[in-house]
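Structure first, then comments.
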Protein chains: 2
Amino acid sequence: MERIEIPPDIVIRRLPLYARSLRYLLDEGIQFVSSQELGERINVTASQIRKDLSFFGEFGKQGIGYDVAKLLTHIEHILGLSQDWPMVLVGVGHLGQAIVHYEGFYTKGVKLVAIFDNDPAKLGQHIGEFPVLSQEHISPVVQTHSVKMAIVAVPAPQAQSVTDSLVEAGVRAILCYAPVILQVPDGIYVRYIDPITALHSMTYYLAREEERENQEERA
Amino acid sequence: MERIEIPPDIVIRRLPLYARSLRYLLDEGIQFVSSQELGERINVTASQIRKDLSFFGEFGKQGIGYDVAKLLTHIEHILGLSQDWPMVLVGVGHLGQAIVHYEGFYTKGVKLVAIFDNDPAKLGQHIGEFPVLSQEHISPVVQTHSVKMAIVAVPAPQAQSVTDSLVEAGVRAILCYAPVILQVPDGIYVRYIDPITALHSMTYYLAREEERENQEERA
DNA sequence: TAGATTGTTAATCGATTAACAATC
DNA sequence: TAGATTGTTAATCGATTAACAATC
């Protein structure tokens with residue numbers, strides 16, 4: 001068990017998928033799972049799962065596979081999900097409101113603690129249990145709660161400056177819903193939620209197919 | 001200009017980012033951009049941009065760079081955004097409603113034509129301009145409008161069966177908001193919007209940092 | 001022309017997969 | 001024990017980058 005090699009980011013990004021699948025297996029009452037079976041569920045090769053896990057230790061039993069509950073606990077621990085990371089949301093438009101209401105976010109590992117918006121019409125209003133605070137309060141709230149994680153759901157033109165405030169205040173990880181690439185200092189982690197870009201990459205294939213169909217017609 | 005090599009999917013996924021950045025440049029009134037400058041905006045190397053574009057043709061001028069408007073037109077054409085692909089949405093909970101209201105979706109390339117949900121309380125209601133239709137109507141609507149693209153925003157347990165109906169009806173590309181991996185036949189394109197997984201991959205790094213800080217404290 | 005930047009090739013880097021000894 | 005499956009190594013595959021001749 002060498003421990004020198006640090007796991008590549010791409011492996012880190014797959015771990016949450018493994019965890020999620022293991023949670024479903026647990027719900028189904030399945031006790032053991034092989035890398036083969038787990039792989040089939042998430043469209044990943046058995047080799048890849050075993051290789052990914054090998055960065056963190058040895059969790060399986062030859063001839064048996066993995067104990068679902070134990071492996072899940074291990075992965076959640078590796079991912080830092082044994083604690084709840086306090087999180088803030090900036091931007092409470094339609095999207096921000098859907099985020100506040102989305103049960104998915106009330107999950108292991110993260111905990112929303114405050115929401116911010118600069119629209120005077122929204123200030124003081126409650127969304128779910130959270131009062132909408134002005135963005136001036138970002139810095140004190142982030143510092144008071146040691147918030148390291150934030151969701152940016154403001155319109156594109158404001159995303160960079162909001163990000164700058166968050167980072168300045170001490171946030172280290174940002175989930176960005178705005179259609180922009182954020183410029184952040186080294187050591188700040190950013191992930192994007194970008195449905196339009198995802199759609200636009202699929203239209204490419206639809207267009208290719210249509211082209212092919214038209215060619216066949218003409219032939 | 002060889003045309004034998006087919007562009008890898010990872011290149012196709014970057015094209016929409018290039019397009020988006022070019023749109024911003026156009027808004028700013030910038031006429032020419034080098035691969036270097038474009039790369040800096042989206043945190044990608046100049047080499048990568050030039051290599052990516054080379055799969056599709058020669059769009060730049062030595063010594064000058066790329067004509068922003070022209071390159072954008074080229075990329076949009078490549079991505080199949082010269083036409084609007086009709087699209088349906090299945091699932092009109094908080095999330096689905098936010099999607100219907102999100103202006104970002106009223107963009108070049110895709111056009112929402114119908115929304116579906118099986119909640120009897122919602123049937124017949126309007127969300128924006130769209131009446132909520134029962135899922136029985138998926139197949140006829142998809143076939144009538146030749147819909148090839150769909151958004152799945154139903155709860156996880158229903159996502160696979162909804163997907164099956166969509167594919168059966170003729171949909172070829174799916175944007176999935178449910179936290180599951182869909183099983184689809186070859187030649188069906190799926191992209192996932194998965195904020196929780198994104199958060200859970202960042203907590204990994206936060207946890208590592210915290211560990212490091214604690215070690216320093218002890219030292 | 002001189003300077004800048006492309007398009008493309010080859011080198012490098014990194015990720016995935018196949019294979020198998022170890023072992024439950 | 002026999003069968004199954006792990007963890008790990010080495011081979012393969014693919015993507016990124018550096019470098020540079022071509023050329024605007």
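The structure displayed is predicted, hence computed values, not measured ones. Numbered from 1 within each chain, the chains take letters A, B, ... in sequence-line order.
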**Asked** Can you name the residues that form a side chain to side chain donor-acceptor pair (under 3.5 Å) with B:S139, not counting sequence neighbours?
**Response** B:Q143
Contacts under 3.5 angstrom, residues 60-74 of chain B side chains, donor-acceptor by atom type, not counting sequence neighbours:
residue : atom : partner : partner atom : Å
B:D67   : OD1  : B:A69   : N            : 3.1
B:D67   : OD1  : B:K70   : N            : 3.0
B:T73   : OG1  : B:A69   : O            : 2.9

**Asked** For B:Y18, which residues count as a ring-ring contact (aromatic ring centres under 6.0 Å, His included) partner, sequence neighbours excluded?
**Response** none
**Under the ring-ring contact (aromatic ring centres under 6.0 Å, His included) test, residues paired with B:F130 that sit two or more places apart** = none
**Message:** Please evaluate residues B:S201 and A:R13 with respect to the criterion side chain to side chain donor-acceptor pair (under 3.5 Å), reporting the C-alpha separation (whole Å), side-chain torsions for both, the decisive distance (0.1 Å), and the verdict.
**Reply:** CA-CA 5 Å; B:S201 70; A:R13 285 173 189 247; 5.5 Å; no
**Prompt:** Given atom NZ of A:K70 and atom P of D:dT6, what is their separation to the nearest angstrom?
**Reply:** 16 Å
**Request:** Using ring-ring contact (aromatic ring centres under 6.0 Å, His included) as the criterion, list what pairs up with A:H94, not counting sequence neighbours.
**Result:** B:H101
**Request:** Toss me the dot-bracket line for DNA chain C: Watson-Crick and G-U wobble, both under 3.5 Å, 5' to 3', using | for pairs to another strand and [ ] for crossers.
**Result:** ..||||||||||||||||||||||
**Asked** Just how far, in rounded Å, is C1' of D:dT6 from OH of A:Y18?
**Response** 15 Å
**Those residues that, when tested against B:T197, pass side-chain contact (heavy atoms from CB on, under 4.5 Å) (two or more places apart)** = A:P16, A:L17, A:R20, B:D194
I'd like a list of close polar pairs between nucleotides 15-17 of chain C and the protein, N/O only, cut-off under 3.5 Å.
residue : atom : partner : partner atom : Å
C:dT16  : OP1  : A:R14   : NH1          : 3.0
C:dT16  : OP1  : A:Q48   : NE2          : 3.4
C:dT16  : OP2  : A:R14   : NH2          : 3.0
C:dT16  : OP2  : A:Q48   : NE2          : 3.2
C:dT16  : O5'  : A:Q48   : NE2          : 3.1
C:dT17  : OP2  : A:T45   : OG1          : 3.0

**Prompt:** Partners of B:Y205 by side chain to side chain donor-acceptor pair (under 3.5 Å), sequence neighbours excluded?
**Reply:** A:D9
Taking only N/O atoms, report every protein-nucleotides 3-5 of chain D pair under 3.5 Å with atom names and distance.
residue : atom : partner : partner atom : Å
D:dT5   : O4'  : A:G63   : N            : 2.9
D:dT5   : O2   : A:G63   : N            : 3.4

**Asked** CD1 of B:I49 versus P of C:dT6: gap in Å, rounded?
**Response** 9 Å
**Prompt:** Can you check the B:F55 CZ to C:dT8 C1' distance for me, whole Å?
**Reply:** 11 Å
**Message:** Can you measure B:H74 atom NE2 to C:dG7 atom C1' for me and round it to whole angstrom units?
**Reply:** 15 Å
**Message:** Could you work out, with side chain to side chain donor-acceptor pair (under 3.5 Å) as the rule, every residue matching B:S165, not counting sequence neighbours?
**Reply:** none
Show me the donor-acceptor pairs within less than 3.5 Å that the side chains of residues 147-160 of chain A make with the rest of the protein, sequence neighbours left out.
residue : atom : partner : partner atom : Å
A:Q160  : OE1  : A:Q183  : N            : 2.9
A:Q160  : NE2  : A:D164  : OD1          : 2.9
A:Q160  : NE2  : A:Q183  : O            : 3.0

